[in-house]
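A short write-up of the structure that comes next.
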There are 2 protein chains.
Amino acid sequence: MPSSEAVIRRPRADAERNRLRLMEAAKAVFTERGPNAALEEIASRAGVGIGTLYRHFSTRQALLAEVYRHAFEQLAEAAIQLSLALPPLDALRAWLRLFVDYIATKQVVLAALGATGNAAPAPASGPTVTSVMTDLAERAAAAGDIVLNVDPIDLLRALMGVANVNNGPGWQANAQRLIDILIEGLRPTR
Amino acid sequence: MPSSEAVIRRPRADAERNRLRLMEAAKAVFTERGPNAALEEIASRAGVGIGTLYRHFSTRQALLAEVYRHAFEQLAEAAIQLSLALPPLDALRAWLRLFVDYIATKQVVLAALGATGNAAPAPASGPTVTSVMTDLAERAAAAGDIVLNVDPIDLLRALMGVANVNNGPGWQANAQRLIDILIEGLRPTR
DNA sequence: CTATATACGGAGGTCACCTCCGTTTATCAA
DNA sequence: TTGATAAACGGAGGTGACCTCCGTATATAG
């Protein structure tokens, strides 16, 4: 007989397989068609019914978050490496450059970032883009390199603002320049 | 008989009336429901058919642009006044503050700004938000107060980035702070 | 008053979203 | 192996928004 606690079975093999297929299909379709791609196209390209898609990912956001979680985690990883290798201010600057490169290749992320309100879907555990950015900024502040009188995340938002829509070539260079302007603007007055 | 040139009649009175009604309804509905409000609600609130809406404004963008044109023009006006009354850098800073206030009350504009690629729908004639911002920035640069090594419009984009989505209270204060950071960051190194 | 260019309206085709539930299937215990 | 059963599937179909098309209505000019 079943114990008073719900019996835990490991998920069915087909379920797991379909989840993977969906994520692959989603990645391809989002890249091709942008973050508003039709979910039904994703489902059919994955070879499953639309119902299955919704069972696994109850909202578009949830799907986007899963698809880009790896990328987010890499970005967070990089921050740790940079922190170890460089002085605080340089680490911050270098990471912001990565961030811009990142949104350059995955514009889709903007949607994921935007709608959650948080700067990233929280991975099961471990650092988020938000926490990493905050950390880098606070280190630089502690070192006396900058004065932190804004929410660090707003700096990311500013960069995303420049990336957003501005599809004209050169937006990326402009965003990179903005990094330096922002950092210069945060310098303590001497 | 008709001349070889098309005969120009002034628009029918009902057409003009409906256009006005549509714009009023649109303003109300956009304010209430955001920039993705159903166009059919706008039409019905204006007491006209959906076909009439589309005849007057062929896209959502066109409608948004018309509805907010007055506001844009005021913003452009203000720039002129500030230019006359204040030294270049102060004028720039003051105008950016207005810009933030502006997107605070009319978040809807973000959509209008975004999708056109330009920072504003061009009024029939006269200055646009883009031209005004560029002008203010160039004056400040000419006075030697700032070094202009980005597209001035990108500064607006950065501010919009902070405004965007960030509905948590306090975003407006953060955006105002960002203005100072940006300006400080543009200062010539001395 | 009439002719006609102009404007109106909304029915209906299209498309995407999302839910619901009858059917299928993987898993487990016997 | 073989049921029994929980888990998962799939897609039909309701909903809502977009936008076009064209038969009908009407303001205007002469």
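First the proteins, then the strands, lettered A, B, ... as listed; each starts at 1. Values reported hereafter were calculated over all heavy atoms of this structure, with side chains retained and with hydrogens, waters and symmetry mates removed.
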N or O in side chain of A:Arg12 less than 4.0 angstrom from C:dT25 OP1/OP2:
no
Residue met sooner reading DNA chain D from 5', once B:Ile50 and B:Arg17 are mapped to nucleotides:
B:Ile50
Quick one: is A:Thr52 getting a side-chain N or O under 4.0 Å of the D:dA8 phosphate, OP1 or OP2?
no
Are any of B:His56's side-chain N or O atoms less than 4.0 Å away from OP1 or OP2 of C:dC8?
yes
Between CZ of A:Phe57 and P of C:dC18 the distance, given in whole Å, is 15 Å
What is the distance, rounded to the nearest whole Å, between atom CD of B:Glu16 and atom C1' of C:dC8?
16 Å
Do the side-chain N or O atoms of B:Asn18 get closer than 4.0 angstrom to the phosphate oxygens (OP1, OP2) of C:dC8?
yes
In whole angstrom, give the distance that lies between atom CG of A:Asp14 and atom P of C:dA26.
6 Å
Remember a base hit wins even if backbone is also touched, and classify B:Arg60 as base, sugar-phosphate or nothing at under 4.0 Å, heavy atoms.
sugar-phosphate
With distance as the sole criterion, is a donor-acceptor pair present between the side chains of B:Asn174 and A:Asp151 under 3.5 Å?
no
Go through C:dT19, C:dT27, D:dA17 for me and flag the one nearest to the A:Arg10 side chain.
C:dT27
Separation of atom CZ in A:Arg21 from atom C1' in D:dA8, rounded to whole Å
14 Å
Could you state the CZ-P distance from A:Arg45 to D:dG10, rounded to the nearest angstrom?
18 Å
Tell me the interatomic distance from A:Gln61, atom CD, to C:dC17, atom P, rounded to whole angstroms.
13 Å
State, to 0.1 Å, how close B:Ile183 and B:Ile146 come at their nearest heavy-atom pair, and which atoms those are.
O-CG2, 4.5 Å
On DNA chain C, compare the nucleotides closest to A:Arg55 and A:Ala37; which residue's is nearer the 5' end?
A:Ala37
Contact nearer the 5' end of DNA chain D, comparing B:Pro11 with B:Asn36:
B:Asn36
Out of C:dA16, D:dC18, C:dT27, whichever nucleotide has its closest atom nearest the side chain of A:Ala13:
C:dT27
Is there a chain of hydrophobic side chains (I, L, V, M, F, W, Y, each step under 4.5 Å between heavy atoms) that links B:Tyr54 to B:Phe57?
yes
Heavy-atom distance under 4.5 Å between the side chains of B:Leu182 and A:Leu182, does that happen here?
yes
Please report the interatomic distance CZ(A:Arg187) to OG1(A:Thr189), rounded to the nearest 0.5 Å.
12.0 Å
Whole angstroms only, please: what is the CG-P distance between B:Leu63 and D:dC19?
12 Å
From CD1 of A:Ile42 across to P of C:dC18 the rounded distance in Å is 12 Å
Specify the residue among A:Glu41 and A:Gly51 whose closest nucleotide of DNA chain C lies further upstream toward the 5′ end.
A:Glu41
Classify the side chain of B:Glu40 versus the base of D:dC19 as yes if they form a donor-acceptor pair under 3.5 Å and no if they do not.
yes
